[in-house]
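Here is the structure we will look at.
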Amino acid sequence: MCKSRRRDDSYSSTEWSEAFTLSVSNKPRATLTAGTTIIPVGGSVTLTCSVQSSDGWKYEWFRRTQRTYEGQIRGQQNRDIRVSQGGIYRCRGTRGNPVYYTDISDDVTIQITFSNKVVVKQQPNWPQIFRDETITLTCEVQEGGETTEWEYEWRGPRTPTQWTHNNDVTFRVSESSSGDYMCKSRRRYDSYSSTEWSEAFTLSASILNKPTVTLQPSWTQIYSGETVTVRCEIQGGEGAQWTYEWRAAKLNTPPTSNEHRIIRATESDSGGYSCRGRRDYFFSEWSDIITLTVSYKPRPVLTVSPSWLSPGASVTLNCEVEHPSAGWSFYWYKAVPDLSEKSSSYELLPDGNWTANTSYIIHGQTHTAGYVCRAGRGDPEYHTDHSQPKFVWSADVHSAASLTVSPDRVQHFTSDSVSLTCEGNFTEGKVRKFSEDGRLYSDCRRMTGSTCNINTSKSDTAVYWCESGSGEFSSAVNITVQNDGNGPILVSPVHPVTEGASVSLSCSLRTQKILSNVFFYHNDKLIQNDTRGELKISAVSKSDEGFYKCQYSGRESAQSWMSVKDSSFISPMTTTNHVVNQSEIDKHNSLDHGAGKIQDVTYSEIQLKHVGKKKNHHKSQEHTIYSEVKVGVEEKPSPAATNEELYSEVRLESSLEDIPTYAEINRHNKAKAKENQEDSPMYAQVNRHNKKATKNNQGH
């Protein structure tokens, strides 16, 4: 409070004033606020300085940088100012006279954003990044001058957050590395000006699968000379630029590409193959090992069924190669003998080219023939060797060639002398054999003319046949050599027996030809065990066909197949001095007379009789030959029934001349003959024609 008095009147004064209360506070502190601390490109920001609970203030503004000292901003005393420079700003209030200053405000950092754009780039720039791979992320300032002018700040899962002079970060990728990465840049001499944050770069760490080694074609078993490609495949890494490393059996210079082509493989290419991929210093795992096996060129195995043929039947050829599922196709050939080359050529069978089936069916096969097969696969196509020839044996004669055996039996003792003669209307013949094991196909070593002479040993057990110079096969015969010198052999006919004919089988020792008390077996079933030494079948039927063997004094012979052929045909016969051998009879004609009341049975015993005079060989003349054929009557004839003469014209081929030949056929009544019955001869004319220039000599 206060009061007043006049100076010249010290005894007069005013009353005391009302009380005035003065409150003294601590020295105030200015407060600096900013609308934003980051100034966009080309913009400015408003700064406000305030002193609380007082009036009359004026303001002083200050700015500094890391490189400059703080200085007062001249001409700015207002509470609000607008700035467009980055830096550290402070302010304080002033008033009165003398001037009173508040405490200075806290720092406010203002940054200016440059117009330069920054981007995050990846190096290497692969679309896929795999776990454990090392990569570098680079912060690049677009149109920003030299890199040394800038410093950088990163934002991301695996990057520093402070400013650094390095514009890149390098790290090994893991699952935790996945995420968004951004960066910004500022000039080194102006830490309060920077670019905006870059657009986010998204990193995704993939898991790389183990590589796989594949083969093309996909066969792990290949053969010498084949071509195969070994390929390394990285699933999920198709877009990457890989180089490859190989561990292989035979790669003197390992390839860096993803495949290795083996041309004309050899056995040294066998072994394990594995690979891995590489990008810079990053490696994938090694693949599992795939094992390649290279073997010698294969030879397929051909089988034929049936091997002994009933004329006109279907024959199935089957060709097998090791690893049959491995893409093989098959070629089928007929073996054509070439006596001049002592070998056979191969003719492709109809539709026998590149068949996917392992079997081939031949319909209506009638004669002995040889067949081979081979297989092929791949591109370029790889071929196996040809198979060993396999034969379909026909015991019936259908060609100009025939084979006789002396002695005429299937089984022989070791060291027996056996001759096999090739006969027929041809100028050259060769006896050949196919060994029991089915592997050896060879010529007779001791040929005298058209006769093969052998002193038998175990190796002579085989199928034998004759091949003519014109390329035809004869009928085939089995020859079996008994290895047990003390054991018996079965004496059975080499050639098939005709239905209705009689046949006698016997048992013989090397030292004794006629034996008694012999046991005989048919298909392993005992059929005769009495004192007789022979097994006689008066009229052979198809049911008698099969395997036969004999037993004497506890020792058994080998078993042999006796074939029974149909009696319903007559087919070409080869004559020597106008006498037909039993072995040369093929088919016989069944003649039907008397409106079906006479059913003829033809027997294999035929005699040909020369009727005409033999002419000069240089002239084509006809001669007549007769053959007696016994024909039985099944039903009882009438009293007037007699045996009649029958004629059947059959044409035979002759290399010299045409000779008409007649076969005399006598029919005998099976019933009791009466005294007034007579046998009347019947004749079958047989014409033989010279085939001369025709290569394929076939019977008609």
Side-chain angles (χ1 to χ4, degrees), residues 307-308 335-344 367-370 388-483 489 491-496 510 558 560-561 563 572-577 579-586 655 697:
S307 57
W308 285 92
V336 179
D338 185 347
L339 297 186
S340 62
E341 297 294 332
K342 296 184 177 180
S343 64
S344 294
H367 57 277
T368 295
Q388 291 281 4
K390 279 299 178 76
F391 292 85
V392 180
W393 311 114
S394 174
D396 288 334
V397 180
H398 278 269
S399 72
S402 64
L403 184 67
T404 60
V405 180
S406 180
D408 184 9
R409 65 174 186 252
V410 174
Q411 297 184 19
H412 301 267
F413 295 107
T414 54
S415 301
D416 277 355
S417 293
V418 179
S419 64
L420 301 99
T421 302
C422 193
E423 297 180 340
N425 299 326
F426 50 83
T427 57
E428 182 182 12
K430 173 74 73 173
V431 176
R432 287 185 170 171
K433 75 174 184 177
F434 200 70
S435 295
E436 188 178 42
D437 59 8
R439 296 181 182 177
L440 184 60
Y441 171 38
S442 60
D443 292 339
C444 175
R445 296 179 181 178
R446 297 174 57 192
M447 289 290 297
T448 302
S450 295
T451 298
C452 170
N453 298 292
I454 56 176
N455 288 323
T456 54
S457 65
K458 185 61 178 175
S459 64
D460 292 313
T461 295
V463 176
Y464 291 80
W465 72 97
C466 171
E467 290 181 10
S468 71
S470 57
E472 291 199 10
F473 294 95
S474 73
S475 58
V477 298
N478 263 322
I479 297 295
T480 302
V481 179
Q482 169 67 277
N483 220 16
I489 64 170
V491 179
S492 62
V494 168
H495 291 282
R510 182 189 296 274
S560 291
W561 178 268
S563 179
M573 299 174 261
T574 302
T575 62
T576 303
N577 296 325
V579 176
V580 176
N581 293 318
Q582 166 70 27
S583 62
E584 294 166 346
I585 303 170
D586 179 29
S655 60
N697 198 355

**Asked** Is there side-chain contact between Met447 and Val431, with heavy atoms separated by less than 4.5 Å?
**Response**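 Yes - at least one pair of side-chain heavy atoms lies under 4.5 Å apart.
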| task | For residues Arg510 and Ile489, determine if any side-chain heavy atom of one lies less than 4.5 Å from a side-chain heavy atom of the other. | result |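 No, side chains not in contact.
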Exercise for the section: Please identify each residue that fulfils side chain to side chain contact (heavy atoms under 4.5 Å, CB included) with Asp460, with sequence neighbours left out. Expected result: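 Scan of Asp460 (side chain to side chain contact (heavy atoms under 4.5 Å, CB included), adjacent residues dropped) gives Lys433, Ile454, Thr456, Ser457, Tyr464, Val481.
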Sorted by chain and residue number, the side chain to side chain contact (heavy atoms under 4.5 Å, CB included) partners of Ser417 (sequence neighbours excluded) come out as Asn455
Which residues pass the side-chain hydrogen bond (donor to acceptor under 3.5 Å, both in side chains) test with [X], sequence neighbours left out?
X	answer
Asp416	Arg409
Ser560	Gln411
Arg446	none

Could you state the interatomic distance from [atom1] ([X]) to [atom2] ([Y]), rounded to the nearest 0.5 Å?
X	Y	atom1	atom2	value
Cys466	Glu423	SG	CD	9.0 Å
Ser492	Asp408	OG	CG	9.0 Å
Leu420	Thr404	CG	OG1	7.5 Å

Nearest heavy-atom contact between Ala558 and Thr480 is CB-CG2, 4.4 Å
**Study point:** Cys452 and Cys444 SG atoms less than 2.5 angstrom apart
**Key:** yes
| request: Check for a donor-acceptor pair, side chain of His495 on one end and backbone N or O of Leu403 on the other, with a separation under 3.5 Å. | output: yes
